[in-house]
2 protein chains.
Amino acid sequence: MPKQKIPVQAIPRLSLYYRVLLGYKTSEFIRSSELARLTGFSAAVVRRDLAYFGQFGIPGRGYNIAQLKESILKILGIDTEWKIALVGVGNLGSALISYKGFTKHGFKIVCGFDVNPSKLNKKKADVPIKHMRDLAKYVREKAIKIAIIAVPALNCQEAVDKLVKAGVRGILNFAPFRPKAPAGIEVLNVDLSIELEKLAYFLNQAKQK
Amino acid sequence: MPKQKIPVQAIPRLSLYYRVLLGYKTSEFIRSSELARLTGFSAAVVRRDLAYFGQFGIPGRGYNIAQLKESILKILGIDTEWKIALVGVGNLGSALISYKGFTKHGFKIVCGFDVNPSKLNKKKADVPIKHMRDLAKYVREKAIKIAIIAVPALNCQEAVDKLVKAGVRGILNFAPFRPKAPAGIEVLNVDLSIELEKLAYFLNQAKQK
DNA sequence: TAGATTGTTAATCGATTAACAATC
DNA sequence: TAGATTGTTAATCGATTAACAATC
């Protein structure tokens, strides 16, 4: 198997194909051109992306919807539920705990961590909130591999260090700070100020024309 | 001026350079290698990015920090305050209203919009909440150009349509849906489930080795 | 001037696109 | 079989990297 290298951009596209497929209950097959139309990518990209992972299609027909759904589910690794630890139960953290969208995609925030005494030992949307000092034990015991960080920039690196030490391998970071992490740990940064600055740049350019 | 094309990836990098520069009060000059070290990019990328916009550096010395800060500020268009309309004042929307980080970067949510009667005509963190039917008038009057969408997927396209009609040109969309928008309107999607699915894929791959 | 670092050019790398042979 | 669409190859496009002449 000469397994070629898969461009990282293909992965979120797979997620979007999957989302489209979820909307199909009835019809048997879907063509790459249809998936392309509904996601905004080109049909060639769709076929290329799927071909990285196997031969899912039937020439002349398209892709069996149920089968493709199942395949993408497995490729993305969302065929089982992922337990998530949330670090930082402030405004954003609280909103994320209550967010229903995660559950639908097989992700479950099982515990929040904070240091603010007013938040501790309560439950938010049925999720327990514990002190940061209990993080290592809890995360290790429950074998949690994914975490979300929603703390201020200053506390971000510390949170990453603790999580990694406790066995977390993937981190979704909302703090406006780029933490360092050892090789083999995936950190995805969602940086709201930077997104807004992209918009500002774009509008600024448009204005100058 | 043969103004070459600027890769979009350069823009968020500029934001990060700017963030690093904010940390410098004292020293006069900073080298590309230093900016590179602190942001994790290569020195060549740093120089390339800056060179797209002008000759900011002095060979043998580096970049004047105060000057470079000022220049990036203008390039990104964050030298003035941007007013932002927020559509959807649920959990996430409320968290965004209270988020201090935006103000620090020159962005200000000036009004929230919702249809839920229990939220209307109140203030959250000093921001008024109005009914969606008042959006067009308000946005047009205040000449708001940027909006944040934090509504369910089903209401996303409608929100985009209304915003664009009212004169909004840049949209940060948190709904798990890719809305269509006319050319010339910039829509940035922050899709939390997709980010988590990227992590799931990554961990799934790592496991298989 | 000697030393250092920028700005830019050419080479490399990687992803997307276009085209079409293979296949149902 | 004829028609349709996949999977894959080659060509194109775009961004990054490496190297170095220009310049303070």
Side-chain angles (χ1 to χ4, degrees), chain A residues 1-17 20-21 24 27-72 75 198 201 205, chain B residues 1-17 20-21 24 27-72 75 198 201 205:
Chain A
M1 262 180 226
K3 195 98 177 255
Q4 54 203 304
K5 236 196 128 206
I6 295 152
V8 286
Q9 293 92 321
I11 309 309
R13 285 197 298 257
L14 283 185
S15 290
L16 290 172
Y17 305 149
V20 166
L21 294 174
Y24 282 78
S27 58
E28 271 287 289
F29 283 82
I30 188 166
R31 280 163 279 151
S32 61
S33 57
E34 181 79 352
L35 269 170
R37 192 178 60 78
L38 292 167
T39 54
F41 307 116
S42 75
V45 159
V46 172
R47 293 199 298 277
R48 192 96 224 46
D49 285 346
L50 296 176
Y52 285 126
F53 298 97
Q55 303 209 150
F56 302 118
I58 298 173
R61 299 268 266 140
Y63 300 88
N64 178 294
I65 289 173
Q67 226 169 277
L68 188 57
K69 229 188 268 187
E70 195 58 25
S71 300
I72 297 182
I75 293 164
K198 283 193 223 170
Y201 170 80
Q205 290 311 103
Chain B
M1 261 181 229
K3 196 104 177 248
Q4 55 203 305
K5 236 195 125 206
I6 294 152
V8 287
Q9 294 91 321
I11 309 307
R13 285 197 298 256
L14 283 185
S15 291
L16 289 172
Y17 305 149
V20 165
L21 293 174
Y24 282 77
S27 57
E28 271 287 290
F29 284 81
I30 187 166
R31 278 164 280 151
S32 61
S33 58
E34 181 79 351
L35 269 169
R37 192 178 60 79
L38 292 166
T39 54
F41 307 116
S42 75
V45 159
V46 172
R47 292 200 298 276
R48 191 96 229 42
D49 286 345
L50 297 177
Y52 284 126
F53 299 97
Q55 305 209 149
F56 302 118
I58 297 174
R61 300 267 265 141
Y63 300 87
N64 177 295
I65 289 174
Q67 226 169 280
L68 187 58
K69 231 189 265 186
E70 195 58 25
S71 300
I72 296 182
I75 293 164
K198 284 193 222 170
Y201 170 79
Q205 291 311 103

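Chain letters run A, B, ... following the sequence lines, proteins first and then strands; every chain starts at 1. Worth knowing before you read on, the calculation uses all heavy atoms, side chains too, and leaves out hydrogens, waters and symmetry mates.
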* To do: Give the minimum heavy-atom separation between A:Val45 and A:Arg13, together with the two atoms involved.
  => CG1-NE, 3.3 Å
* Structure fact -> The first and last nucleotides of DNA chain C lying within contact of chain B, meaning any atom under 4.0 Å from one of its heavy atoms, run from C:dA4 to C:dT9
* Report yes if the side chains of B:Leu38 and B:Tyr24 come closer than 4.5 Å at any heavy-atom pair, otherwise no. => yes
* Quick one: does A:Tyr201's side chain get under 4.5 Å of B:Leu14's, heavy atoms only? -> no
* Apply side chain to side chain contact (heavy atoms under 4.5 Å, CB included) to A:Ser32 and list each qualifying residue two or more places apart in sequence or on a separate chain. => A:Ala43, A:Val46, A:Arg47, A:Tyr63
Anything under 3.5 Å between a donor and an acceptor, one on a side chain of residues 53-61 of chain B, the other on a protein residue two or more places apart or in another chain? List them.
none

* Mind checking what makes side chain to side chain donor-acceptor pair (under 3.5 Å) contact with B:Lys198, not counting sequence neighbours? -> B:Glu195
* Write down the atom of A:Ile6, the atom of A:Ala10, and the distance for their closest heavy-atom approach. => CG2-CB, 4.1 Å
* Quick one: pull up CG in B:Leu50 and CD1 in B:Ile72 and give me the separation to the nearest 0.5 Å. => 6.0 Å
* Asked: In chain order, what residues pass the side chain to side chain donor-acceptor pair (under 3.5 Å) check against B:Arg31, with sequence neighbours excluded?
  -> none
* With a 4.5 Å heavy-atom cut-off, do B:Pro7 and B:Tyr52 have their side chains touching? -> yes
* With Watson-Crick and G-U wobble geometry limited to distances under 3.5 Å, how should the secondary structure of DNA chain C be encoded in dot-bracket form, using | for bases paired to another strand and [ ] for crossing pairs? -> ..||||||||||||||||||||||
* To do: Find which nucleotide of DNA chain C each of B:Ser33 and A:Gln9 is nearest to by heavy atoms, and output the residue with the more 5' nucleotide.
  => B:Ser33
* Can you name the residues that form a side chain to side chain contact (heavy atoms under 4.5 Å, CB included) with B:Gln67, not counting sequence neighbours? -> B:Asn64
* Sorted by number, the residues of residues 37-47 of chain B with heavy-atom contact under 4.0 Å to DNA chain C -> B:Arg47
* Structure fact -> Residues at least two apart in sequence or cross-chain that pass side chain to side chain donor-acceptor pair (under 3.5 Å) with A:Tyr17, listed by chain then number, are A:Asp49
* To do: Pull out every residue in residues 54-66 of chain A that has a heavy atom closer than 4.0 Å to any atom of DNA chain D, ordered by number, or say none.
  => A:Gln55, A:Phe56, A:Gly57, A:Ile58, A:Pro59, A:Gly60, A:Arg61, A:Gly62, A:Tyr63
* Structure fact -> In short, side-chain hydrogen bond (donor to acceptor under 3.5 Å, both in side chains) pairs touching residues 37-46 of chain B with sequence neighbours left out are B:Glu34-B:Arg37
* Assign A:Ser32 to base, sugar-phosphate, or nothing according to its heavy-atom contacts below 4.0 angstrom with the strands shown. => sugar-phosphate
